A.B. asks: 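Before anything else, here's the structure in question.
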2 protein chains.
Amino acid sequence: MHSQTEENYLKAIYKIAEKSGTKVSTNAIAERLQTKPASVTDMLKKLADKQLVDYEKYQGVVLTEKGKYIAVQIIRKHRLWEYFLVNILGFTWDSVHEIAEELEHINSTLLIDKLDAFLEYPQYDPHGDPIPNHKGEFSSRGAFTLATANLHQELLVTGVIDHSTEFLQYLNTIGLGLGTNIVINQFINFDKSLSVVINGKNGIFISHQVAKNLLVIEK
Amino acid sequence: MHSQTEENYLKAIYKIAEKSGTKVSTNAIAERLQTKPASVTDMLKKLADKQLVDYEKYQGVVLTEKGKYIAVQIIRKHRLWEYFLVNILGFTWDSVHEIAEELEHINSTLLIDKLDAFLEYPQYDPHGDPIPNHKGEFSSRGAFTLATANLHQELLVTGVIDHSTEFLQYLNTIGLGLGTNIVINQFINFDKSLSVVINGKNGIFISHQVAKNLLVIEK
DNA sequence: TTGTAAAATTCGTAATTTCTAATTCGCAAT
DNA sequence: ATTGCGAATTAGAAATTACGAATTTTACAA
């Protein structure tokens, strides 16, 4: 078994590598986990001893297959629990992250498989992130950010990149959530902001910063 | 917040005191938690500092009101999760204890209240133990053990005292579970064993040891 | 090629929790 | 009142995870 701390490191390394596509630096891990580089170095040595990461001093780390498998299982658990919290217990999408961070460390493959079955094998969590299946395979919808979408195309919101409570609550205030229909009416060159139609309601402005954090597909 | 270890100590002290009704000894805690008396002494000092127990060297401990409240909340969480695992996810009653031991340490009052509501405020867990409500109040059915029941009385099984997998699986093999009807046909003086009718099936023998661990009420 | 700033590591230390071994305490029997 | 034994405690040490300060390494600009 692995400690909760080890699991959090593996997940952090996975997430950073997912975004950057390269070896993961000590500082990047420290920042993500709100800890200090010295602590990260200590843990990387430990994970390397357990063959969960390939680690060379000063060169960054990469997850081994074993490490990647564990990371994906934790992500699976996190996202399934989020789905449960929102769709079964009635939590809002902006309030489930912290609880799922705790639940993801519960250790029982049987529990997760039964939860998955009870939820009828959902493919996406309440933020639109794909839920890996029991083999660790992810679905993909080929979504792109609103910032790269075309004018006048009918779009469907399928996910968010930023998961912070503040961002999600802002989306709530403008009536935007997963499944919302959206059309870009106007592109403002000056600040790259957008004027959009949300579920038929016209003239809503969305900043470039927000658009970059919204995932959509063509309808 | 309190560590998982602290919570386990509080729960252990509560359970031992519940049975004995007296101050709880260091050795009793050590045995229940599969640890050494020296470790227990260390932790008792810590819990005393936090005002969760009243502790005098060599005299044993008692939970304070604060400590008792926390212990009851952990028991509430444990039993609600057991109910969820059995009645929603389809686990068997003999396989949920270990998972619930992990889930009981998830820290969110909102989560537990929402889970309670989703489960429709169950009063008893899959082993017949009462689930404290959000105020910490327990229900009681006034059950007694099969070992103290009368001949020929129609009885209903409402709980078990021993929660071990072995005991529960044995009950499965003789077709006995919560809600089972049972009548004592014969009392064997030699070894205090019983001949009983279970759900209409005659001539099943039950040892005194088993009878002492079954809770029943009159029908 | 060299100098320097940023990144990463080492080292010593701290807090938690646990353990073993040695010691002390409380109480029952004499 | 003393003795002796089991229960409980203290002391010292290990494992885990984290941190600050000092040091080393890397990468890149001049």
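All values derive from a computational prediction rather than experimental measurement. Every chain is numbered from 1, with letters handed out A, B, ... down the list of sequences.
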A.B. asks: To the nearest Å, give me how far apart NZ (B/Lys23) and P (D/dA8) are.
C.D. replies: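 It works out to 12 Å between those atoms.
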A.B. asks: Using the ring pair (Phe, Tyr, Trp, His ring centres under 6.0 Å) rule, collect all pairs that involve residues 77-116 of chain B, keeping only residues at least two apart or in two chains.
C.D. replies: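 The answer is A/Phe84-B/Phe84, B/His78-B/His97, B/Trp81-B/Phe84.
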A.B. asks: Compare side-chain N and O positions of A/Thr26 against OP1 and OP2 of C/dT9 and report whether any pair is under 4.0 Å apart.
C.D. replies: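 Yes, within the criterion.
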A.B. asks: Could you tell me which residues satisfy salt bridge (charged side-chain N to carboxylate O under 4.0 Å, His left out) with B/Asp116, sequence neighbours excluded, listed by chain and number?
C.D. replies: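 B/Asp116 satisfies salt bridge (charged side-chain N to carboxylate O under 4.0 Å, His left out) with B/Arg76 once adjacent residues are dropped.
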A.B. asks: Kindly indicate whether the side chain of A/Phe144, heavy atoms from C-beta on, has any atom under 4.5 Å from the side chain of A/Val216.
C.D. replies: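 Answer yes - side chains close enough.
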A.B. asks: Hey, can you pull the residues of residues 8-17 of chain B with a non-hydrogen atom under 4.0 angstrom from DNA chain D?
C.D. replies: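 None - not one residue of the stretch has a heavy atom sitting under 4.0 Å from the strand.
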A.B. asks: Provide, to the nearest angstrom, the distance between the OH atom belonging to A/Tyr58 and the P atom belonging to C/dA6.
C.D. replies: 17 Å
A.B. asks: Roughly how many Å is it from CG in B/Leu44 to C1' in C/dT16, rounded to a whole number?
C.D. replies: 16 Å
A.B. asks: May I have the distance from B/Ile29 (atom CD1) to C/dT18 (atom C1'), rounded to whole angstrom?
C.D. replies: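 Spelled out: CD1 on B/Ile29 to C1' on C/dT18 is 16 Å.
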A.B. asks: Can you confirm whether more than 12 heavy atoms, excluding those of B/Tyr69, are under 6.0 Å from its OH atom?
C.D. replies: no
A.B. asks: How many Å lie between CD on A/Glu6 and P on D/dT16, as a whole number?
C.D. replies: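 Whole-Å distance recorded here is 9 Å.
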A.B. asks: Is a donor on one side and an acceptor on the other found under 3.5 Å between the side chain of B/Asn213 and the backbone of B/Asp162?
C.D. replies: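 It does hold such a pair.
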A.B. asks: Can you identify which nucleotide, out of C/dT10, D/dT24, D/dA7, has its nearest atom closest to the A/Lys45 side chain?
C.D. replies: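 Out of C/dT10, D/dT24, D/dA7, the nucleotide with an atom closest to A/Lys45's side chain is C/dT10.
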A.B. asks: Between B/Lys57 and D/dT10, is there a contact of a side-chain N or O with OP1 or OP2 at under 4.0 Å?
C.D. replies: yes
A.B. asks: So how far is it from A/Leu33 CG to A/Lys11 NZ, rounded to the nearest 0.5 Å?
C.D. replies: 9.5 Å
A.B. asks: Got more than 12 heavy atoms from elsewhere within 6.0 Å of NZ, B/Lys68?
C.D. replies: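 Atom NZ in B/Lys68 is not crowded, with 12 or fewer foreign heavy atoms closer than 6.0 Å.
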A.B. asks: Listed by chain and number, what are the salt bridge (charged side-chain N to carboxylate O under 4.0 Å, His left out) partners of B/Glu18, not counting sequence neighbours?
C.D. replies: none
A.B. asks: Could you check which residues of residues 30-42 of chain A get a heavy atom under 4.0 Å from DNA chain D? Sort them by number, please.
C.D. replies: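 Heavy-atom cutoff 4.0 Å gives A/Thr35, A/Lys36, A/Ala38, A/Ser39, A/Asp42.
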A.B. asks: Could you note down all residue pairs passing salt bridge (charged side-chain N to carboxylate O under 4.0 Å, His left out) where residues 119-130 of chain A supplies at least one of them, sequence neighbours left out?
C.D. replies: A/Arg79-A/Asp125
A.B. asks: I want to check one thing: is the phosphate of C/dA8, taken as OP1 and OP2, less than 4.0 Å away from some side-chain N or O of A/Asn27?
C.D. replies: yes
A.B. asks: Can you check the A/Leu47 CG to D/dT16 C1' distance for me, whole Å?
C.D. replies: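 The distance from CG of A/Leu47 to C1' of D/dT16 comes to 13 Å, rounded to the nearest Å.
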